[in-house]
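Down below is the structure, laid out as structure tokens.
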Amino acid sequence: MKRWASRLFEAVLTLWLLATLCFVLLRAAPGGPFDTEKAAPPEVQAALAAQYRLDRPLPAQYAAWLGDVARGDLGPSFQYPDYRVTQLIANALPVSMLNGGLALLLALALGIPLGTWAALRAGRWTDRVLMFAAGLGLAIPKFVAAPLLVLLFAVSLHWLPAGGWGGWSHVVLPVIALALPNIAYCARLTRASLLETLSADYLKAARARGLSETRLLLAHAMKPALLPVAAWLSPALINVVTGSAVVEQVFGIPGMGRYFVQGALNRDYTLVLGVVLVVGALIVAINALVDALRAAMDPRLGEAGA
């Protein structure tokens with residue numbers, strides 16, 4: 001109980017520090033939410049500043065915003081005046097979670113079998129081809145992979161839509177763009193871990209006793225070999241969450257990443273702060289879930305953290 005109370009305190013402190021730092025950096029950046037090429041009359045600017053509490057000193061603005069957050073209200077959006085930030089995030093979060101969740105499942109579904117296949121054929125041409133492809137997948141950034149996928153599957157082949165959000169056909173290309181580097185890393189990690197596990201002394205002894213390679217792999221090697229993959233899930237999920245900003249912007253998807261980019265460009269303070277807080281909370285929750293998964297796979301980790 002004390003352990004979980006300590007983790008909850010650390011999570012709240014981390015989110016508070018993250019929100020405070022983001023608040024300070026946003027207000028220190030030049031420009032404001034109502035700066036336009038054609039300046040509004042002074043009385044209009046004053047009314048807008050009063051409406052959004054921008055006429056108050058910064059400490060008072062910070063205290064008011066923090067009080068709203070404590071009540072579960074992330075404030076009004078400056079860019080979308082008819083919506084509260086909570087409403088925008090409630091609409092965008094399921095979109096981002098769907099894309100991110102499917103991308104991670106695809107990475108595991110392809111990365112683990114490919115890495116296992118490469119480890120069982122270490123040194124052969126299939127292993128070299130798979131690892132070369134994995135290296136290529138890691139080298140190509142998302143902002144390059146996403147337009148290339150659009151060019152190939154939407155513009156050239158006309159198989160899938162180039163962007164937007166609607167049916168399942170709109171999900172395919174964004175998920176692939178998010179999943180590609182994670183598939184590559186998962187395959188390389190699985191291969192390296194499985195090769196190390198297969199060379200362990202206890203597996204050599206089991207092989208000498210006549211245990212079949214299939215049983216040796218499935219019953220004794222895969223579980224310890226997947227422990228590093230379980231540890232990688234935390235940075236992988238974080239990578240998917242943060243990488244969605246690029247992918248959602250390229251494909252015009254109304255997700256968290258796109259709102260973050262648009263909010264930053266338009267100095268929509270409350271929208272950016274709301275997205276940062278929610279993403280920060282997701283990252284904290286992801287780390288806790290991955291720690292629990294690793295402890296379930298290897299009880300020694302749970303005992304060490306107790």
Side-chain angles (χ1 to χ4, degrees), residues 7-37 39-40 45-46 48-81 83-93 95-97 100 141-143 178 234-235 237-250 253-288:
R7 286 194 172 187
L8 180 61
F9 173 76
E10 290 175 2
V12 173
L13 180 62
T14 300
L15 292 176
W16 173 71
L17 290 173
L18 177 66
T20 302
L21 180 62
C22 186
F23 183 92
V24 172
L25 291 176
L26 278 173
R27 299 309 171 92
F34 305 116
D35 291 350
T36 59
E37 294 182 4
Q45 293 185 14
L48 287 172
Q51 179 182 348
Y52 292 97
R53 299 186 297 206
L54 297 177
D55 56 340
R56 303 181 186 181
L58 274 181
Q61 292 182 41
Y62 173 73
W65 176 76
L66 209 59
D68 290 342
V69 171
R71 294 189 294 272
D73 182 11
L74 297 176
S77 169
F78 297 166
Q79 184 181 357
Y80 305 96
Y83 294 92
R84 308 292 291 181
V85 172
T86 310
Q87 294 173 286
L88 294 174
I89 291 178
N91 293 330
L93 186 58
V95 175
S96 295
M97 290 186 69
K142 295 183 184 71
F143 63 83
L178 278 174
S234 179
L237 279 164
I238 294 169
N239 179 266
V240 165
V241 170
T242 55
S244 66
V246 175
V247 172
E248 289 174 3
Q249 193 71 12
V250 171
I253 298 172
M256 297 279 287
R258 190 182 181 198
Y259 277 137
F260 177 80
V261 172
Q262 291 181 347
L265 291 175
N266 292 283
R267 299 293 188 271
D268 192 336
Y269 299 144
T270 50
L271 182 57
V272 173
L273 287 167
V275 172
V276 167
L277 266 181
V278 172
V279 170
L282 282 175
I283 290 173
V284 169
I286 286 167
N287 285 327

Side chain Gln249, main chain Gly257, donor-acceptor under 3.5 Å | no
Within the side chain of Thr270, is there an N or O that forms a donor-acceptor pair under 3.5 Å with the backbone of Gly75?
-> no
What's the shortest heavy-atom distance between Arg53 and Gln61, and which atoms?
-> O-CG, 3.1 Å
What one should report as the nearest heavy-atom pair of Val272 and Ala264 is CG2-N, 3.4 Å
Results of side-chain hydrogen bond (donor to acceptor under 3.5 Å, both in side chains) for Asp55 - residues two or more places apart only = none
Does Phe260 CZ have over 12 foreign heavy atoms under 6.0 Å away?
-> no
Taking all atoms of both residues into account, what is the closest heavy-atom pair of Leu277 and Ala19, and its distance?
-> CD2-CB, 3.9 Å
Could you list the residues that satisfy side-chain contact (heavy atoms from CB on, under 4.5 Å) with Leu21, not counting sequence neighbours?
-> Leu25
For Ile89 and Val275, the nearest pair of non-hydrogen atoms, with its separation, is CD1-N, 3.8 Å
Is it true that Asp68 and Arg84 have a side-chain N and a carboxylate O under 4.0 angstrom from each other?
-> no
For the side chain of Gln79 and the backbone of Asp268, is there at least one donor-acceptor N/O pair under 3.5 Å apart?
-> no
Indicate the ring-plane relationship of Tyr83 and Tyr80, choosing parallel, tilted or perpendicular according to the 30° and 60° boundaries.
-> perpendicular
Separation between CZ of Phe78 and CG of Asn266, rounded to the nearest 0.5 Å = 12.0 Å
Measure the spacing between CG of Leu66 and CH2 of Trp16 and express it to the nearest 0.5 Å.
-> 8.5 Å
What heavy-atom pair brings Ser77 and Tyr52 nearest, and what distance separates the two atoms?
-> O-OH, 3.9 Å
State, yes or no, whether a side-chain contact exists between Leu273 and Leu74 at a heavy-atom distance under 4.5 Å.
-> no
